[in-house]
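Down below is the structure, laid out as structure tokens.
Labels below follow one simple rule: chain letters A, B, ... track the order of the sequence lines, proteins then strands, and each chain is numbered from 1. Note that the structure is a prediction, hence the values are computed from the model and not measured.
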Amino acid sequence: MADSRGDSSSTGSYRSGGSRRTNGDMRDYSGMDPRYHKEAKYSDPPNSRLFIVCGKSITEDDFREAFSKYGTVSEVWVVKDRATGEPKGVTYIKFNKTSEAALAMEEMNGRCIGNHPRPLKVLIAHSREQGSRREQNEEERLLRLFVVVPRAMTESELREHFITFGDIDYVSIVKDRTTKESKGFGYVKYHRMSHAAKAYENCDRSFKPMFADPKPVRDMRNDGMMLSGPGSSVSSSGFDMAAYTPPSGKMGSLPPMEGAPPAEACTRLAVVASPTLNQDQLWKLFDLVPGLDFIDLRRDRKSGQGIASVQFSNIQSAAYAKEKLHGFEYPPGHRLIVKFDPSHDMMMGPHSLMPPPPNMMPRMPMMPPPAPGGVGNGAAAAMSPGGAGPRPSGSLQTDLAHLAETIAQATSLIQAAGINPHAASGGGGGGGADGGGGPPAGPGPAVPGGVVMPEHYDPTYCSARLPAPQPLAALDSTVAERLFIVCHPAPPPPYTLKDVFGRFGNLIDIYILSGKTCGYAKYACKESAEKAIQTLHGQELCGARLKVMPAEPQDKVDTGRKRIKIDDQQF
DNA sequence: CGACGGGACGC
DNA sequence: CGACGGGACGC
């Protein structure tokens, strides 16, 4: 299922060479086996082709005119029936860049073009092989990036870099269950595909971003209802469209699909949902009713509640969905509110900002307030392994995750400093307060009310006198000095190294080569590096004897590519 | 002696 | 409901 990674070459340098291919560009296929041209070009770059369900009368020129404002359209293909030549109401549009396709989808989905009445349904095209099959969490594939992160990098730092491309749903770094050390990769999830695409194309290449495979869905206790849950196939779930007649006989008499276009206001619903529901879950629910065209979920800033706009292709479906789902408890304890969307008018696309009109902001009597008060409790819950449930999304959870990480950082700084948090709860190494100071680790094997030191932690800590903790340098800082570090017999844990080497200021990154006893520290300032050498060379840290010296320059930048690349054609 | 990292989400 | 064609000498 791999999304094609365009380029697997890596220099380990943060500044990628000017002539190297980036995620935004396309490959040259001229030398490639023709049999693979087609497959390859559709996914290059990944998710850059649109699948559009549309009225049958729209022409290629109509599409070009409507879509070329979002980027470079390399192909428009209006699908026609092989035998009859009749348009099938399906069109593919290929863009040169993923972000162009993303923007076009966000802007054009639900819109009409020309004077063709039927609104377009615009989706990112699947691979030919996947076809129309839907996947369990597939919207994640468009919103979430898989990234490689330096082991010393914290979630705050990761967020800091990726916030420049758009609003972040969450970031997470995967950590070892027991040691809580970073495993060197993580995820960044956005709310909008165009933001994820921008990050995919423009983030620092050392992150090696990929659109993440959707996470297998956690079971979402959906008992108490006949819903077989997201992923269950449509229509077989107790909804019986055929047996349903909408309240208004007039509406019901309209032809379902292709006849006169439905007034959009009658095919669009406004939904208020629990803050815990994400767009995917909402989609799965409403998709139980055939005829769902799209859902646009937004969140009310104050209440955190989901405000969704749900578009159906016909009045019957919309009316049926409203009737069956209004008041439905989903998830249990949270009633959905489903109405026809009175605020909708033709000028307003699904993605134009749609502040919920006051009359639609219901007070939900059944809904508990979004647990504000207990900040500390919330953070603890977020850190505790028991905090299951769906992935956090939305500002509240994001804030909690943020807070949890800050606390985890402070805790491990205290650990690294060898201070008993009970004895010196105020004095700890709060130096990481700017978000840069902390190791990625959580509090290690922790029990409520006390911190248990990791097994391999040597309480003698460090033989040298250490300065106070310092903030780290920005990840994209220019490297002023690189140090080579050797640890005998074994290296201290990463969070200790980061804390100790960070105390001389301006530390960008430090890592131990995997399976080895040596590694590198990068400083943004030469003086800091020199102080580190003076203070730490020959000293002992966690029972390891340290050698700390300037690193030999990285000679022979072998990118790992033997292939002759023809990017030297200057003229 | 010791030289250039890390890749799929909780067992 | 709504998922895959036609054309092609370019490098």
Side-chain angles (χ1 to χ4, degrees), chain A residues 1-2 5 8 10-13 28-32 34 37-39 42 49 51-54 56 75 77-82 85 88-92 120-121 123 125-134 137 140 144 146-153 172-178 182-187 189 206-210 212-216 218 234-235 241 256-258 287 289-293 312-314 317 385-388 391 482 484-488 491 494 509-520 522 545 547 549 551-558 566:
Chain A
M1 306 295 125
R5 286 298 320 287
S8 59
S10 160
T11 62
S13 147
D28 173 17
Y29 292 99
S30 48
M32 195 183 273
H37 277 206
K38 193 171 294 182
E39 284 304 324
Y42 289 147
R49 194 173 61 130
F51 170 71
I52 300 172
V53 184
C54 52
K56 299 186 186 354
E75 183 177 32
W77 171 19
V78 178
V79 178
K80 301 194 175 87
D81 184 279
R82 178 91 69 135
K88 294 169 77 172
V90 164
T91 293
Y92 293 93
L120 305 181
K121 180 172 181 178
L123 305 166
H126 291 164
S127 68
R128 271 178 129 87
E129 187 187 283
Q130 183 178 14
S132 57
R133 283 198 322 278
R134 278 203 174 127
N137 253 340
E140 275 203 334
R144 202 173 65 132
F146 174 77
V147 291
V148 172
V149 300
R151 287 200 185 270
M153 185 182 270
S172 71
I173 289 176
V174 177
K175 305 182 183 80
D176 183 280
R177 183 165 56 100
T178 53
S182 165
K183 293 170 91 167
F185 63 90
Y187 298 88
K189 189 173 180 191
S206 64
F207 287 111
K208 303 182 179 169
M210 295 188 345
D213 289 339
K215 189 159 52 173
R218 289 247 175 279
V234 195
S235 73
M241 279 288 288
M257 272 290 92
E258 283 303 325
D287 201 28
V289 179
L292 177 66
D293 268 349
F312 283 93
S313 62
N314 65 85
S317 293
R391 194 61 193 157
R482 240 165 40 106
F484 181 59
I485 302 160
V486 186
C487 317
H488 273 303
D509 191 18
I510 178 168
Y511 63 90
I512 297 295
L513 299 175
S514 95
K516 306 224 162 135
T517 57
C518 58
Y520 296 89
K522 294 190 282 196
R545 181 69 64 179
K547 294 184 182 178
M549 63 207 91
E552 295 298 325
Q554 203 166 351
D555 53 2
K556 290 181 186 152
V557 185
D558 180 74
I566 30 144

Subject >> Centroid under 5.5 Å and tilt under 30°, Tyr187(A) to dC9(B) >> reply: yes
Original post:
Taking the same atom, P, in dC9(B) and in dG5(B), what whole-Å distance lies between them?
Top reply: 23 Å
Original post:
Given Arg49(A) and Tyr92(A), is the side chain to side chain contact (heavy atoms under 4.5 Å, CB included) satisfied, shown in steps?
Top reply: CA-CA 7 Å; Arg49(A) 194 173 61 130; Tyr92(A) 293 93; 3.3 Å; yes
Subject >> Lys80(A): partners by side chain to side chain contact (heavy atoms under 4.5 Å, CB included), with sequence neighbours left out >> reply: none
Original post:
What's the CG-P distance between Asp293(A) and dC1(C), to the nearest Å?
Top reply: 13 Å
**OP:** Return the nearest nucleotide to the side chain of Tyr520(A); candidates are dA3(B), dC1(B), dC4(C).
**Re:** dA3(B)
Original post:
At under 4.0 Å between heavy atoms, what does Gly89(A) touch on the DNA or RNA strands: base, sugar-phosphate, or nothing?
Top reply: nothing
Give me the distances for all protein-to-nucleotides 6-8 of chain C N/O pairs that come in under 3.5 Å?
unit_1: dG6(C); atom_1: O6; unit_2: Lys38(A); atom_2: NZ; d: 3.1

**OP:** Looking only at side-chain atoms of Asp509(A), point me to the closest of dA3(C), dG5(B), dA3(B).
**Re:** dG5(B)
Subject >> dC11(B) versus dG7(B) - spacing of their P atoms, nearest Å >> reply: 16 Å
Original post:
Side chain of Arg177(A): nearest nucleotide among dA3(B), dA3(C), dC11(B)?
Top reply: dC11(B)
Original post:
Within this structure, what is the CD-to-C1' distance between Gln130(A) and dA3(C), rounded to whole angstrom?
Top reply: 10 Å
**OP:** For Leu292(A), enumerate each residue passing the side chain to side chain contact (heavy atoms under 4.5 Å, CB included) test, keeping only those at least two apart in sequence or located in another chain.
**Re:** Trp283(A), Phe286(A), Asp287(A), Ile295(A), Val310(A), Phe312(A)
Original post:
Taking CZ from Phe185(A) and C1' from dG10(B), how many angstroms apart are they, rounded to a whole number?
Top reply: 12 Å
**OP:** Verify the contact: side-chain N or O of Lys522(A) to OP1 or OP2 of dC4(B), cut-off strictly under 4.0 Å; return yes or no.
**Re:** no
Subject >> Selected nucleotide, minimal atom distance to Trp77(A) side chain, candidates dC4(C), dG2(B), dC4(B) >> reply: dC4(C)
Original post:
What's the CE-C1' distance between Met549(A) and dC1(B), to the nearest Å?
Top reply: 9 Å
Subject >> By side chain to side chain contact (heavy atoms under 4.5 Å, CB included) - contacts of Phe484(A) (at least two apart) >> reply: Val486(A), Cys518(A), Tyr520(A), Met549(A), Ala551(A)
Original post:
For Phe185(A), which residues count as a ring pair (Phe, Tyr, Trp, His ring centres under 6.0 Å) partner, sequence neighbours excluded?
Top reply: Phe146(A)
Subject >> For atom CD of Gln554(A) and atom P of dA3(B), their distance in whole Å >> reply: 14 Å
Original post:
Taking the six-membered ring of Tyr511(A) as reference, does the NZ or CZ atom of Arg151(A) fall below 6.0 Å from its centre and within a 45° cone about the axis?
Top reply: no
Original post:
Within the structure shown, what part of the strands sits under 4.0 Å from Val147(A) by heavy-atom distance: base, sugar-phosphate, or nothing?
Top reply: nothing
**OP:** Check every atom of dA3(C), dC4(C), dC4(B) against the side chain of Val79(A) and return the nucleotide holding the closest atom.
**Re:** dC4(C)
**OP:** Record whether the side chain of Lys183(A) comes under 3.5 Å of the base of dC9(B) through a donor-acceptor pair of N or O atoms.
**Re:** no
Original post:
Looking at Arg482(A), does any N or O in its side chain come under 4.0 Å of the phosphate oxygens OP1/OP2 on dA3(B)?
Top reply: no
Subject >> side chain to side chain contact (heavy atoms under 4.5 Å, CB included) involving Pro214(A) - partner list, sequence neighbours excluded >> reply: Glu135(A), Asn137(A), Glu140(A), Arg141(A)
**OP:** State whether His488(A) places a side-chain N or O below 4.0 Å from either non-bridging phosphate oxygen (OP1 or OP2) of dC1(B).
**Re:** no
Subject >> Whole-Å gap separating P (dC4(C)) and OH (Tyr92(A)) >> reply: 6 Å
Original post:
Between dA3(C) atom P and Lys80(A) atom NZ, what is the distance in whole Å?
Top reply: 16 Å
Original post:
Between Lys88(A) and dC4(C), is there a side-chain N or O to OP1/OP2 distance below 4.0 Å?
Top reply: yes
Original post:
Counting any heavy atom closer than 4.0 Å, what does Ile485(A) reach on the DNA or RNA strands: base, sugar-phosphate only, or nothing?
Top reply: nothing
Original post:
For the side chain of Glu552(A), counting heavy atoms from C-beta on, which of dA3(B), dG2(B), dA3(C) is nearest?
Top reply: dA3(B)
Subject >> Rounded distance (Å) that lies between atom P of dG5(B) and atom CZ of Arg151(A) >> reply: 12 Å
**OP:** Mind checking Ser127(A) for me? I need base, sugar-phosphate or nothing, with any heavy atom below 4.0 Å counting as a touch.
**Re:** base
